[in-house]
Q: 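This structure is in structure tokens; I'll ask about it shortly.
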There are 2 protein chains.
Amino acid sequence: MLKAQIDHTNCSECPIRHRAVCAHCDANELEELEGIKYYRSFEAGQTVIWSGDQMNFVGSVVSGIASLTQTMEDGRTQMVGLLLPSDFVGRPGRDSAPYDVQATTDLVMCCFRKKPFEQLMNDTPHIAHRLLQMTLDELDAAREWMLVLGRKTAREKIASLLSIIARRDASIVPKAKPGPIVFDLPLTREAMADYLGLTLETVSRQISALKKEGIIELEGKRHVTIPDMRRLMDEAGDDSDGGFLI
Amino acid sequence: MLKAQIDHTNCSECPIRHRAVCAHCDANELEELEGIKYYRSFEAGQTVIWSGDQMNFVGSVVSGIASLTQTMEDGRTQMVGLLLPSDFVGRPGRDSAPYDVQATTDLVMCCFRKKPFEQLMNDTPHIAHRLLQMTLDELDAAREWMLVLGRKTAREKIASLLSIIARRDASIVPKAKPGPIVFDLPLTREAMADYLGLTLETVSRQISALKKEGIIELEGKRHVTIPDMRRLMDEAGDDSDGGFLI
DNA sequence: GCTTTCACTTGATCTCAGTCAAGGTTTCGT
DNA sequence: ACGAAACCTTGACTGAGATCAAGTGAAAGC
């Protein structure tokens with residue numbers, strides 16, 4: 001079972017140790033965090049928390065992917081966040097969840113009870129400072145995404161999403177730059193549609209089109225090869241040097 | 001001249017004293033801030049800073065409205081933030097601006113040189129804490145807006161924008177709830193289009209339609225009366241109780 | 001092994017918002 | 001007072017993506 005593999009793991013061996021909210025913590029602070037942390041596992045498709053529910057914990061994604069989703073009364077949904085390993089869930093000082101949080105893949109989270117975490121945050125500037133950094137990064141990502149949602153065509157939206165996923169995988173496995181990039185899509189067509197503000201039919205059609213033109217290669221439905229990252233980036237409509245800014 | 005009216009104003013008399021990044025500061029901290037602050041004024045339409053430029057200050061909007069805008073190579077633009085009085089501009093720890101910042105109306109900003117402000121932030125948890133709060137609020141607003149951009153119809157987008165502006169004005173002039181709401185639009189049709197991911201023609205048509213149906217009343221191009229806020233909120237497609245959550 | 005279900009693809013058609021074009025108002029400079 | 005420049009409105013047409021519908025393929029349950 002997933003859970004058993006991780007429970008009681010020492011923070012110093014944690015795969016997200018240097019990127020999560022605890023990144024700047026020293027040994028003492030880490031010890032305090034260890035005292036209030038616990039792991040939770042979710043299967044792909046499970047809901048971590050429903051919008052409006054009481055939220056008595058905050059936490060970090062350790063492995064897998066979670067999504068934040070908003071739903072309108074008539075059922076239209078929009079994904080408003082894609083949480084990757086080390087990303088933070090929840091907001092100190094708020095009681096109820098503003099969005100549905102769902103496990104998009106199998107998911108492991110490192111959770112802290114909210115009250116003690118808030119206390120700890122007040123006492124340890126390292127945590128508050130890191131959380132501010134991470135929140136500012138997320139705000140930038142959200143604004144980047146607003147351009148995608150508001151102004152890009154369906155084709156550009158798909159290319160943008162594939163670029164983001166490809167870039168993330170590349171940064172996790174830091175590799176030589178040239179050569180094809182290979183990864184598995186962690187999202188269903190429907191989840192992609194919810195993220196991109198499209199229908200799943202349009203997502204499917206645009207992926208087929210990119211495949212037909214050789215910009216991507218598909219093996220099965222989810223296994224993607226990008227022979228030339230630059231061509232994909234061109235389709236995304238970003239500044240041509242976008243990939244090298246980071 | 002606008003500038004002269006405000007220069008050397010004491011922070012304790014500042015109109016945004018209790019809502020800006022300095023909200024939680026005590027008298028001592030405020031004094032330190034006063035030492036590094038200066039005011040800058042901009043006319044409507046002026047650019048405060050260009051994307052990519054060196055940014056050697058951060059600051060708060062004191063009066064007027066500023067906008068954050070992203071532009072694609074081919075000229076498509078998307079507004080990604082609307083900064084109202086008390087909102088914060090800039091990011092401690094970053095050198096260059098990621099977006100164009102423009103004065104949408106005449107604008108006064110309270111600026112701090114970046115380096116001293118960063119120093120001050122490290123020393124005074126009150127400022128860092130308030131900045132975290134404000135950033136989390138902005139992240140929520142950005143995610144709210146992602147739903148608007150991704151899933152709402154043109155009509156719902158217009159109604160959403162009008163609701164937001166109306167609600168802001170209502171909270172600045174806290175008034176009895178019932179009765180019509182009156183305000184001036186601080187944005188041109190084009191700026192609305194950039195914010196909503198529409199063309200200015202569509203904005204104009206939808207505003208005309210809402211007017212024809214009596215959901216809004218217009219005097220001139222910018223002066224708006226909302227006879228029944230609930231009807232407008234219905235058109236925005238939000239949860240029916242949305243307006244009372246705050 | 002067979003059915004059911006889930007995830008996806010593809011086609012035909014429709015519709016909402018974009019595009020192109022013309023004209024109206026208001027404001028501003030001279 | 002006049003002309004120019006913003007800013008806005010309206011109309012006719014177009015097209016990208018939504019909708020409706022049918023079908024494929026692979027995995028899961030019995």
Side-chain angles (χ1 to χ4, degrees), chain A residues 43-46 72 74-78 102 104-105 148-162 184-213 216-224 235 237, chain B residues 43-46 72 74-78 102-106 148-162 184-213 216-224 235 237:
Chain A
E43 283 170 41
Q46 275 191 302
M72 294 174 66
D74 61 5
R76 281 176 281 175
T77 66
Q78 175 67 48
Q102 275 162 328
T104 292
T105 64
V148 173
L149 289 173
R151 291 302 184 193
K152 289 195 179 180
T153 64
R155 184 185 175 92
E156 289 168 335
K157 285 179 176 182
I158 297 286
S160 298
L161 180 58
L162 292 175
D184 281 303
L185 279 173
L187 301 173
T188 64
R189 299 289 185 266
E190 188 179 19
M192 287 192 251
D194 281 348
Y195 197 37
L196 296 167
L198 298 170
T199 59
L200 67 89
E201 292 94 331
T202 298
V203 170
S204 183
R205 272 187 257 272
Q206 295 297 336
I207 289 182
S208 297
L210 290 176
K211 178 181 165 189
K212 200 166 293 172
E213 296 171 38
I216 64 173
E217 287 158 23
L218 271 183
E219 192 180 330
K221 314 294 189 187
R222 301 286 195 93
H223 193 75
V224 179
E235 296 297 335
Chain B
E43 282 171 40
Q46 275 190 302
M72 294 173 67
D74 60 6
R76 282 176 280 176
T77 65
Q78 175 66 46
Q102 274 162 328
T104 293
T105 64
D106 286 344
V148 173
L149 289 174
R151 291 302 185 193
K152 289 194 177 179
T153 64
R155 185 186 175 91
E156 289 169 335
K157 285 179 176 181
I158 297 287
S160 297
L161 180 58
L162 293 174
D184 281 303
L185 278 174
L187 301 174
T188 65
R189 299 289 186 265
E190 188 179 19
M192 288 192 249
D194 281 347
Y195 198 36
L196 296 167
L198 298 170
T199 60
L200 67 90
E201 293 94 329
T202 299
V203 170
S204 184
R205 273 188 257 271
Q206 295 298 335
I207 288 181
S208 296
L210 290 175
K211 178 181 166 188
K212 199 166 294 172
E213 296 170 38
I216 64 173
E217 288 158 23
L218 272 184
E219 191 179 331
K221 313 294 188 188
R222 301 288 195 93
H223 193 75
V224 179
E235 296 297 336

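Predicted model, so just to flag it, every value in this text is computed and none were measured. Naming convention: chains lettered A, B, ... in sequence-line order (proteins, then strands); numbering from 1 in each chain. Atom set for the values below is all heavy atoms of this structure, side chains included, hydrogens, waters and symmetry mates excluded.
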Q: Dump the intermediate steps for side chain to side chain contact (heavy atoms under 4.5 Å, CB included) on B/Ile158 and B/Thr202, then the final yes or no.
A: CA-CA 10 Å; B/Ile158 297 287; B/Thr202 299; over 6 Å; no
Q: Choosing from C/dT9, D/dG17, D/dC8, which nucleotide comes nearest the side chain of B/Lys221?
A: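 Among the listed nucleotides, the one closest to the side chain of B/Lys221 is D/dC8.
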Q: Just the rounded figure in Å: distance from C1' of C/dG18 to CG of B/Leu196.
A: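 Between C1' of C/dG18 and CG of B/Leu196: 15 Å.
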Q: Give B/Leu198 one of three labels, base, sugar-phosphate or nothing, depending on what nucleic acid heavy atoms sit under 4.0 Å from its own.
A: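 Sugar-phosphate only.
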Q: Which whole-number value in Å describes the distance from B/Ile158 CD1 to D/dC8 P?
A: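 After rounding, the gap between these two atoms is 12 Å.
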Q: With heavy-atom distances below 4.5 Å as the criterion, would you say the side chains of A/Leu198 and A/Gln206 are in contact?
A: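 Heavy-atom side-chain distance check fails, nothing below 4.5 Å.
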Q: Whole Å only: how far is the CG atom of B/Leu218 from the C1' atom of C/dT26?
A: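 Distance, rounded to whole Å: 15 Å.
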Q: Can you check whether any acceptor in the base of C/dC20 is under 3.5 Å from a donor in the side chain of B/Glu201, or vice versa?
A: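 A donor-acceptor contact between them is present.
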Q: Whole angstrom is fine here: how far is it from CG in A/Asp194 over to C1' in C/dC8?
A: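 The distance from CG of A/Asp194 to C1' of C/dC8 comes to 15 Å, rounded to the nearest Å.
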Q: Provide, to the nearest angstrom, the distance between the NZ atom belonging to B/Lys157 and the C1' atom belonging to C/dA17.
A: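 One finds 9 Å between C1' of C/dA17 and NZ of B/Lys157, rounded.
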Q: If the cut-off is 4.0 Å, is A/Arg205 near the phosphate of D/dG17, judged by side-chain N/O to OP1 or OP2?
A: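 Checking D/dG17 against A/Arg205, no side-chain N or O comes under 4.0 Å of OP1 or OP2.
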Q: So for atom CD, which belongs to A/Glu219, do other residues, nucleotides or ligands contribute more than 12 heavy atoms lying within a distance under 6.0 Å?
A: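 At most 12 heavy atoms, drawn from other residues, nucleotides or ligands, come within 6.0 Å of this atom.
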Q: Specify the separation, in whole Å, of atom CZ of A/Arg155 and atom P of D/dA18.
A: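 In whole Å, D/dA18 P lies 16 Å from A/Arg155 CZ.
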Q: Looking at the side chain of B/Thr202, which of D/dT9, C/dA17, C/dA7 is the nearest nucleotide?
A: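 It is C/dA17.
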Q: Round to a whole Å and report the spacing from CD1 of B/Ile207 to P of D/dC7.
A: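 About 15 Å, once rounded to whole Å.
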Q: Classify the nucleic acid contact of A/Thr188 as base, sugar-phosphate or nothing, counting any heavy atom under 4.0 Å across all strands shown.
A: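 Here A/Thr188 touches the backbone only, sparing every base.
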Q: At 4.0 Å (heavy atoms only), tell me whether A/Gly45 reaches a base, stays on the sugar-phosphate, or touches nothing.
A: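 A/Gly45: no heavy atom of the nucleic acid under 4.0 Å.
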Q: By the 4.0 Å heavy-atom rule, please label B/Ser204 as base, sugar-phosphate, or nothing.
A: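 Since a base atom lies under 4.0 Å of B/Ser204, the category is base.
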Q: Quick one: which of D/dT10, C/dC8, C/dA17 gets closest to the side chain of B/Ala154?
A: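 Nucleotide nearest to B/Ala154's side chain: C/dA17.
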Q: Using a heavy-atom cut-off of under 4.0 Å over every strand shown, decide if A/Arg76 touches base, sugar-phosphate, or nothing.
A: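 Here A/Arg76 touches no strand at all.
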Q: Calculate the interatomic distance between B/Lys211 atom NZ and D/dC8 atom P; express it in whole Å.
A: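 Distance check: B/Lys211 NZ to D/dC8 P gives 13 Å.
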Q: Can you check side chain to side chain contact (heavy atoms under 4.5 Å, CB included) on B/Thr188 and B/Arg222, steps first, answer last?
A: CA-CA 8 Å; B/Thr188 65; B/Arg222 301 288 195 93; 3.3 Å; yes
Q: Does the side chain to side chain contact (heavy atoms under 4.5 Å, CB included) test come out yes or no for A/Met72 and B/Lys152, once each step is laid out?
A: CA-CA 9 Å; A/Met72 294 174 66; B/Lys152 289 194 177 179; 4.1 Å; yes
Q: What's the closest nucleotide to the B/Thr199 side chain, out of D/dT10, C/dA17, C/dT19?
A: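 Out of D/dT10, C/dA17, C/dT19, the nucleotide with an atom closest to B/Thr199's side chain is C/dT19.
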